[in-house]
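Every chain is numbered from 1 and lettered A, B, ... according to where its sequence line falls, protein lines coming before strand lines.
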Amino acid sequence: MAERITPRSESYSDWYVDIVLNAQLADYSPVKGTMVIRPRGYAVWERMQSALDAMFKETGHQNAYFPLLIPESFLKKEAEHVEGFAPECAVVTHGGGEELEEPLVIRPTSETIIWSMYKKWIQSYRDLPLLINQWCNVLRWEKRTRLFLRTTEFLWQEGHTAHASAEEAREETLRMLEVYRRFAEEYMALPVLTGVKSEAEKFAGAVNTYAIEAMMQDRKALQAGTSHFLGQNFAKAFDVTFQTAEGGLDHVWATSWGVSTRLVGALIMAHSDDKGLVLPPKLAPVEVAIVPIFKNQTKTEVLAYADKLNQTLKGSYRVVLDADDNNSPGWKFSQWELYGVPIRVECGPKDMQNNQVVLVRRDSGEKLPVAISEAPQRIGVLLQQIQQSLYDRALEFREANTRDIDNYDDLLAFFENDGGFARAAWSGSVESEARIKAETKATIRVLPFGNEQEAAGKRCVVTGEPARHMAIFARSY
RNA sequence: CGGGAUGUAGCCUAGUGGCUAAGGCGCCUGCUUUGGGAGCAGGAGACCGGAGGUUCGAAUCCUCUCAUCCCGACCA
């Protein structure tokens, strides 16, 4: 306890690890690349889940659960899919003490098992659309792992939908991308760019991959969610056809979309500071921590005063009263800051005399004395302000670190000296994207919607050929 | 997979061939304290990552091995 957190300026990745461990969000577990999500971290994930789940239900989706184990042959049915995932699959070869006839893959994603079932369930256009989501764990054998951001096993949500037409499936893909954008911005206070991924970055087996992309405090990009238009690729691989209203037979059109516990990592890296975690109020498991300040003579009165406030707030807020008398107030202040609680309420004898309490903002450190009778209302307003100012600050940071660049030397210099998001015209060729990656380590994070029009008349920043896109380049997680 | 680092009590660290492995934090008991990480007294807790070797003697030297972290390559 009371351990020093490495300052961001010294080492961003040490800082990140220190926050995760010291704020008790997660801990390393015995198997390489895996982690335990501790109660403080899991509570954040639960809040994310419940907000997202409600949004999925509102858009007509139902939850279901498909098995962890997938016959190895299923993965092989879609050519790009198997090529993309085979290297990172864990395979079960033995069960019940015997070697299995067919090895079973632990799901790296569930498209194949789901589409094998959709084949049974879909016969007619009347069965469509089929809109299913599942919350589960998946396993990808990653060579390099980082707490929350990339772990061998992680928790996520995967939506899989089937539609009667390409247009409808495309609409669904974009609808869910929009759900993710809203969630990131409204709940996580995280501004994101939306758009389509380049060929090199798209999902194995998709026709198009769309993503929300955020900037972290070290100016690197983080893909926070993806939504895929799968075309008829999986329907063809698994032979899923349906009778159209006109009596014909057609393959089903598909989408899939997901966000994972990586979002917790995004949340940490977007808002936290050298004192510890900073959580946006909407996702904070505890919104308000009350710290009474008392001496022996005043203990009873102050605790009664604090508890009265606690009881008043309880109905409306997620609040804890830290009545422990072993730790000093200063210790508690630091502790609740480390845990990222948005508002701390200090109340001691001086406050009692004035019928007030002191509200302290986690994001700014600002101390606000308020009349105790007004505290409940003021806290509500303050939580909203904190939520908003976290978003504003993150947006301001992103804007300040996004640069329009129109020649290759500047692009090289930008990633050499500054880093951030570079917006530049791009020909659309695989070679030029590969060259930028090789020389700057930056990749195309996203081709923002409407970028083609903007690119008209411009020349590719790498090759000088006529540009087809305005692309966002950045180094990424 | 390549490079680097690290494994000594729950955590951090000292100990680089020689007495019973040392200190800080945390933990337990008691007292005292409490407006920005409190103090005193007492206490529990370690086969020094593992195996083998060298030696009268190994946490320390050698060999092998395991694990984790960081950087890079790879990567929905």
Side-chain angles (χ1 to χ4, degrees), chain A residues 1-6 10-18 20-22 24 27-35 75 80-89 107-111 138-147 149-152 154 156 158 197 200-206 209-211 223-228 230 256-260 262 275-276 291-299 302-303 322-338 344-354 356-358 360 365 367 369 437-438 441 443 475-477:
Chain A
M1 208 67 72
E3 278 167 27
R4 179 174 157 272
I5 291 173
T6 307
E10 198 175 297
S11 164
Y12 194 79
S13 60
D14 285 350
W15 167 80
Y16 175 77
V17 171
D18 286 348
V20 172
L21 297 179
N22 288 312
Q24 296 170 7
D27 203 355
Y28 293 109
S29 79
V31 177
K32 179 179 166 61
T34 64
M35 67 174 189
L75 266 291
E80 279 186 36
H81 194 64
V82 63
E83 198 186 320
F85 281 106
E88 45 189 78
C89 285
R107 65 180 162 222
T109 178
S110 302
E111 272 78 3
V138 288
L139 199 77
R140 297 179 187 179
W141 213 261
E142 299 288 351
K143 286 184 176 160
R144 185 165 167 203
T145 55
R146 291 166 68 87
L147 293 165
L149 299 175
R150 174 168 280 115
T151 47
T152 296
F154 57 92
W156 78 345
E158 47 180 328
K197 287 282 182 180
E201 297 282 326
K202 80 171 190 195
F203 175 71
T209 289
Y210 299 85
Q223 178 174 299
T226 51
S227 185
H228 314 290
L230 302 174
S256 69
W257 27 274
V259 296
S260 71
R262 172 180 252 206
K275 290 192 214 168
V291 179
I293 296 151
F294 49 80
K295 299 184 192 302
N296 274 346
Q297 311 88 293
T298 54
K299 180 171 173 180
V302 171
L303 278 182
D322 189 351
D324 184 306
D325 76 347
N326 229 345
N327 294 313
S328 69
W331 191 89
K332 293 176 184 175
F333 296 168
S334 302
Q335 203 60 207
W336 290 112
E337 281 165 0
L338 175 60
R344 176 175 76 241
V345 179
E346 304 178 3
C347 59
K350 295 175 206 163
D351 301 304
M352 262 178 81
Q353 276 177 3
N354 299 325
Q356 66 167 37
V357 293
V358 180
V360 187
K367 297 197 175 195
K437 187 176 179 181
K441 292 176 192 150
T443 52
R475 289 182 186 156
S476 71
Y477 279 97

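Mapping A:Y477 and A:K275 onto RNA chain B via the closest heavy atom, the residue that lands nearer the 5' end is A:K275. Residue-to-nucleotide proximity on RNA chain B shows that, of A:F154 and A:D324, the 5′-proximal contact is made by A:D324.
Counting any heavy atom pair closer than 4.0 Å across all strands shown, A:G84 reaches no nucleic acid atom. If you check every strand for non-hydrogen atoms under 4.0 Å, A:E88 touches sugar and phosphate atoms only. Within 4.0 Å (heavy atoms only), A:Q223 reaches at least one base atom of the nucleic acid. Residue A:K332 is out of contact with every strand shown, counting any heavy-atom pair closer than 4.0 Å. A:F294 comes within 4.0 angstrom of a base, heavy atoms only. Nucleic acid contact for A:P87: none, since no nucleic acid atom lies under 4.0 Å from a heavy atom of the residue.
Side-chain atoms of A:Y28 never come within 3.5 Å of backbone atoms of A:G33 as a donor-acceptor pair (strictly under, hydrogens ignored). Side chain of A:E158 to backbone of A:S110: a donor-acceptor contact under 3.5 angstrom is found. A donor-acceptor distance shorter than 3.5 angstrom exists from the side chain of A:D18 to the backbone of A:T6, with no hydrogens or angles considered. Checked by atom type and distance alone, the side chain of A:K332 pairs as donor or acceptor with a backbone atom of A:D324 at under 3.5 Å. A donor-acceptor pair under 3.5 Å is absent between the side-chain atoms of A:N354 and the main chain of A:D351, judged by distance alone. Panel note: side chain A:K202, backbone A:A206; a donor-acceptor pair is recorded below 3.5 Å.
For the residue pair A:E201/A:T209, the side-chain donor-acceptor check at 3.5 Å is not satisfied. Between the side chains of A:Q223 and A:K197, at least one donor-acceptor pair of N or O atoms lies under 3.5 Å. Side-chain contact of A:T145 with A:T151: a donor-acceptor pair under 3.5 Å is absent, judged by distance alone.
A salt bridge links A:E346 to A:K367: one of the charged nitrogens lies within less than 4.0 Å of a carboxylate oxygen.
What separates NZ of A:K202 from P of B:C75 is a distance of 15 Å, to the nearest Å. Distance A:K295 NZ to B:U34 P: 4 Å, rounded to the nearest Å. In this structure, the CG atom of A:N296 is 17 Å from the P atom of B:G39, given to the nearest Å. One atom, CD of A:Q335, and another, P of B:G26, lie 11 Å apart when rounded to the nearest Å. When the C1' atom of B:C75 is taken as reference, atom CD of A:E142 falls 6 Å away, rounded to whole Å. Atom CD in A:Q353 sits roughly 17 Å away from atom P in B:G35 (whole-Å rounding). Taking atom CD of residue A:Q297 and atom P of nucleotide B:U34, one finds them 7 Å apart after rounding to whole Å. Put simply, CH2 on A:W331 is 14 Å from P on B:G39, counting in whole angstrom units.
Taken from CZ in A:R150 to CD in A:E142, the straight-line distance is 5.0 Å, to the nearest 0.5 Å.
Closest to the side chain of A:P329, out of B:C75, B:G36, B:U34, is B:U34.
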*Can you give one letter per nucleotide of nucleotides 67-72 of chain B, 5' to 3': B if a protein heavy atom sits under 4.0 Å from the base, S if only from the sugar-phosphate, - if neither?*
-SSSSB
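For A:D351 against B:G35, a side-chain-to-base donor-acceptor contact under 3.5 Å is present. Between the side chain of A:K367 and the base of B:G36, a donor-acceptor pair under 3.5 Å is found. The base of B:G36 lies close enough to the side chain of A:E337 for a donor and an acceptor atom to sit less than 3.5 Å apart.
Looking at RNA chain B, the stems built from 3 or more consecutive Watson-Crick or G-U wobble pairs, each pair with its key distances under 3.5 Å, are B:1-7 with B:66-72, B:10-13 with B:22-25, B:27-31 with B:39-43, B:49-53 with B:61-65.
Comparing the same atom, C1', in B:C62 and in B:C25 gives a spacing of 36 Å after rounding to whole Å. Taking the P atom of each, B:G45 and B:C28 are spaced 16 Å apart, rounded to whole Å. Taking the C1' atom of each, B:G42 and B:U32 are spaced 15 Å apart, rounded to whole Å. Taking atom P on both nucleotides, B:C40 is separated from B:C56 by 48 Å, rounded to a whole Å. A gap of 30 Å separates the P atoms of B:A58 and B:U68, to the nearest Å. With both ends at atom C1', the span from B:C47 to B:A21 equals 12 Å, rounded to whole Å. Using atom P as the reference point in both B:C71 and B:U33, the two lie 49 Å apart (nearest Å). The gap from the C1' atom of B:U54 to that of B:C61 amounts to 8 Å, rounded to the nearest Å.
Under 4.0 angstrom from either OP1 or OP2 of B:A38 there lies at least one side-chain N or O belonging to A:S328.
In this pair, A:W15 and A:Y12 present their aromatic rings tilted. The plane angle is within the 30 to 60° band.
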